[in-house]
Amino acid sequence: MDYPGNLFVVAAPSGAGKSSLVKALLELDSRVQPSVSHTTRAPRGQEKHGREYFFVSPQEFDAMVQADGFVEWAHVHGHRYGTSKKMIEERIAQGADVILEIDFQGALQVRRVFANAVLIFILPPSWEELRSRLERRGEDAPEVIELRLRNAAEEMSQAREFDFVIINELFERALFDLKAIVHAQRLKFPAQRRARADTFKALNIT
Ligand SMILES: Nc1nc2c(ncn2[C@@H]2O[C@H](COP(=O)(O)OP(=O)(O)O)[C@@H](O)[C@H]2O)c(=O)[nH]1
Ligand SMILES: Nc1ncnc2c1ncn2[C@@H]1O[C@H](COP(=O)(O)OP(=O)(O)O)[C@@H](O)[C@H]1O
């Protein structure tokens with residue numbers, strides 16, 4: 001199905017900088033809306049229910065799975081995370097651009113349902129830098145950091161399945177790349193024709 005809005009899916013190993021990049025994009029571009037996932041993990045420091053995630057119990061998560069409420073869901077770092085199907089479909093049907101920040105398993109599942117989804121993978125410049133970002137962030141216990149680093153190798157081996165890869169070395173450069181991908185998607189023929197209907201009509205382009 002061809003929706004008027006675009007769907008962007010961003011995946012990366014934990015600590016590569018995906019949340020920071022998506023947050024900066026959202027501040028710059030009001031046409032992009034975040035999708036808020038459901039998770040069984042506990043909130044961290046400043047996180048709020050309904051803002052970073054919908055924090056739900058394993059039983060509530062099971063009920064959504066049974067009701068076919070997720071476009072995708074996966075086990076990540078010992079917890080379950082899922083994307084509500086209804087929330088995405090409604091918004092891209094209304095012409096909004098929606099961005100998902102999910103793990104690689106989920107990203108590949110989303111593409112099976114929304115064939116036009118744009119898959120973007122964020123890589124850190126090195127293993128040393130990935131570790132030091134996780135440590136500097138100061139949100140996770142040492143054993144959680146070790147688990148995330150062990151999972152990162154598997155996650156990164158999937159990068160070739162994605163449409164675009166951004167190396168997040170210099171933050172501003174990586175943000176520029178992310179903006180360029182979003183912008184290029186909007187310039188594709190059907191989107192451009194919808195956005196500039198008057199011009200297309202004046203030029204007799206159907
Ligand atoms: N499949 C899937 N993965 C998700 C979803 N929401 C978040 N994730 C992923 O779960 C992982 C853990 O996220 P989080 O606990 O917030 O820690 P982070 O890695 O520091 O962002 C990350 O790889 C997220 O991209 C979702 O709805 N579906
Ligand atoms: N290009 C960058 N250079 C240095 N530090 C960065 C860069 N991008 C992100 N960070 C920092 O690295 C840490 C992890 O970033 P975060 O966005 O939380 O990663 P993720 O969402 O991929 O787990 C944060 O403390 C963030 O401020």
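What you see below is based on every heavy atom in this structure, not just the backbone, and it leaves out hydrogens, waters and symmetry mates. Atoms within a ligand are numbered from 1 in the order they appear, just like the ligands themselves.
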Response to the item:
protein heavy-atom neighbour closest to atom 22 (O) of ligand 2 works out as K18 N, 2.8 Å

Item to complete: Examine the proximity of ligand 1 to R44 and report which part, side chain or backbone, both or neither, has a heavy atom under 4.0 Å away.
Response: side chain

Worksheet item: Are any of the side-chain nitrogens in R136 or E129 under 4.0 Å away from the carboxylate oxygens of its partner?
Response: yes

Worksheet item: If you measure from each heavy atom of E169 to ligand 2, is any distance below 4.0 Å?
Response: yes

Worksheet item: Does T83 reach ligand 1 with a nitrogen or oxygen that is under 3.5 Å from one of the ligand's nitrogen or oxygen atoms?
Response: yes

Worksheet, complete the sentence: Filtering G15, A12, A24 for the heavy atom nearest atom 20 (P) of ligand 2 leaves G15

Worksheet item: Any N/O of H77 closer than 3.5 Å to an N/O of ligand 1?
Response: no

Fill in: The single option from V9, V98, I88 passing side-chain contact (heavy atoms from CB on, under 4.5 Å) against F114
I88

Practice prompt. Decide yes or no on side-chain hydrogen bond (donor to acceptor under 3.5 Å, both in side chains) for Q33 and R91, but give the supporting numbers first.
Written response: CA-CA 9 Å; Q33 300 180 5; R91 290 199 267 162; 2.8 Å; yes

Worksheet item: Is the ring centre of F70 less than 6.0 Å from the ring centre of F61?
Response: yes

Practice prompt. Within a distance under 4.0 Å of any heavy atom of A74, pick out the atoms of ligand 1 and give their elements.
Written response: 1 (N)

Worksheet item: Taking the six-membered ring where the residue is Trp, are the ring centres of F200 and F189 under 6.0 Å apart?
Response: yes

Discussion item. Does the plane of the ring in H49 sit parallel, tilted or perpendicular to the ring in F55? Use 30° and 60° as the thresholds.
Written reply: tilted

Discussion item. Counting only heavy atoms not in R186 (residues, nucleotides, ligands), do more than 12 fall under 6.0 Å from its CZ?
Written reply: yes

Worksheet item: Can you tell me which residue and heavy atom of the protein come closest to atom 18 (P) of ligand 1, and the distance to 0.1 Å?
Response: R148 NH1, 3.3 Å

Item to complete: Flag G17 as yes when one of its N or O atoms lies below 3.5 Å from any N or O atom of ligand 2, and as no otherwise.
Response: yes

Worksheet item: Which residue and non-hydrogen atom of the protein lie closest to atom 16 (O) of ligand 1, and at what distance in Å?
Response: Y53 OH, 2.5 Å

Worksheet item: Short question: side chain of Q192, backbone of K188 - any donor-acceptor pair under 3.5 Å?
Response: no

Discussion item. At under 4.0 Å between heavy atoms, is it the side chain or the backbone of P13 that contacts ligand 2, or both, or neither?
Written reply: backbone

Worksheet item: Among protein heavy atoms, which lies nearest atom 21 (O) of ligand 1, and at what distance?
Response: K18 NZ, 3.4 Å

Practice prompt. Provide the number and element of each atom of ligand 1 under 4.0 Å from a heavy atom of E101.
Written response: 6 (N), 7 (C), 8 (N), 25 (O)

Worksheet, complete the sentence: the protein heavy atom lying closest to atom 3 (N) of ligand 2 turns out to be R133 NH2, 3.3 Å

Item to complete: Quick one: look up the protein heavy atom nearest atom 11 (C) of ligand 1 and list residue, atom name and how far away it is.
Response: V76 CG1, 3.5 Å

Worksheet entry | Closest protein heavy atom (residue, atom, distance) for atom 8 (N) of ligand 2 | N168 ND2, 3.0 Å

Worksheet item: Hey, is CD on Q46 packed in by over 12 heavy atoms from elsewhere, all under 6.0 Å?
Response: no

Worksheet item: In ligand 1, which numbered atoms sit nearer than 4.0 Å to a non-hydrogen atom of S14?
Response: 18 (P), 19 (O), 20 (O)

Fill in: Nearest-neighbour protein heavy atom for atom 28 (N) of ligand 1, which is reported as residue plus atom name and distance
E72 OE2, 2.7 Å

Practice prompt. Could you tell me whether F162 and F104 have their ring centroids closer than 6.0 angstrom?
Written response: no

Discussion item. Check for me whether H79 has a heavy atom closer than 4.0 Å to any atom of ligand 1.
Written reply: no

Discussion item. Please compare V9, L100, I102, V110 and report which has the shortest non-hydrogen distance to atom 26 (C) of ligand 1.
Written reply: I102

Discussion item. Would a single hydrophobic cluster contain both L100 and L26, if residues Ile, Leu, Val, Met, Phe, Trp and Tyr are joined by side-chain heavy-atom contacts under 4.5 Å?
Written reply: no

Response to the item:
In terms of its nearest heavy atom to atom 20 (O) of ligand 1, the top option of E139, R137, R41 is R137

Fill in: E60 side-chain N/O to S57 backbone N/O, donor-acceptor pair under 3.5 Å
yes

Fill in: Heavy-atom proximity to atom 27 (O) of ligand 2, best of S20, A11, S19, S14
S20

Worksheet entry | Check: N168 main-chain N/O paired with R173 side-chain donor or acceptor under 3.5 Å | no

Fill in: Contacting atoms of ligand 1, where contact means under 4.0 angstrom from a heavy atom of G106
1 (N)

Discussion item. Can you tell me if R160 has over 12 outside heavy atoms packed within less than 6.0 Å of its CZ?
Written reply: no

Item to complete: Starting from atom 9 (C) of ligand 1, find the nearest protein heavy-atom neighbour and note its residue, name and distance.
Response: D103 N, 3.7 Å

Item to complete: Look at atom 18 (O) of ligand 2 and say which protein heavy atom is nearest, naming residue and atom and giving the distance to 0.1 Å.
Response: R137 NH1, 2.9 Å

Worksheet item: For Q94 and Y3, what are the C-alpha separation, side-chain angles and deciding distance, and is it a side-chain hydrogen bond (donor to acceptor under 3.5 Å, both in side chains)?
Response: CA-CA 8 Å; Q94 287 164 5; Y3 293 99; over 6 Å; no

Practice prompt. Any atoms of ligand 2 less than 4.0 Å from a non-hydrogen atom of R136? List them with their elements.
Written response: 4 (C), 5 (N)

Worksheet item: What protein heavy atom sits nearest atom 12 (C) of ligand 1, and how far away is it?
Response: Y81 OH, 3.4 Å

Worksheet item: What is the nearest protein non-hydrogen atom to atom 27 (O) of ligand 1, stated with its residue, atom name and distance?
Response: S37 OG, 2.7 Å

Worksheet item: Where do E154 and S157 land on the side-chain hydrogen bond (donor to acceptor under 3.5 Å, both in side chains) test, with the steps shown first?
Response: CA-CA 5 Å; E154 193 200 354; S157 72; over 6 Å; no

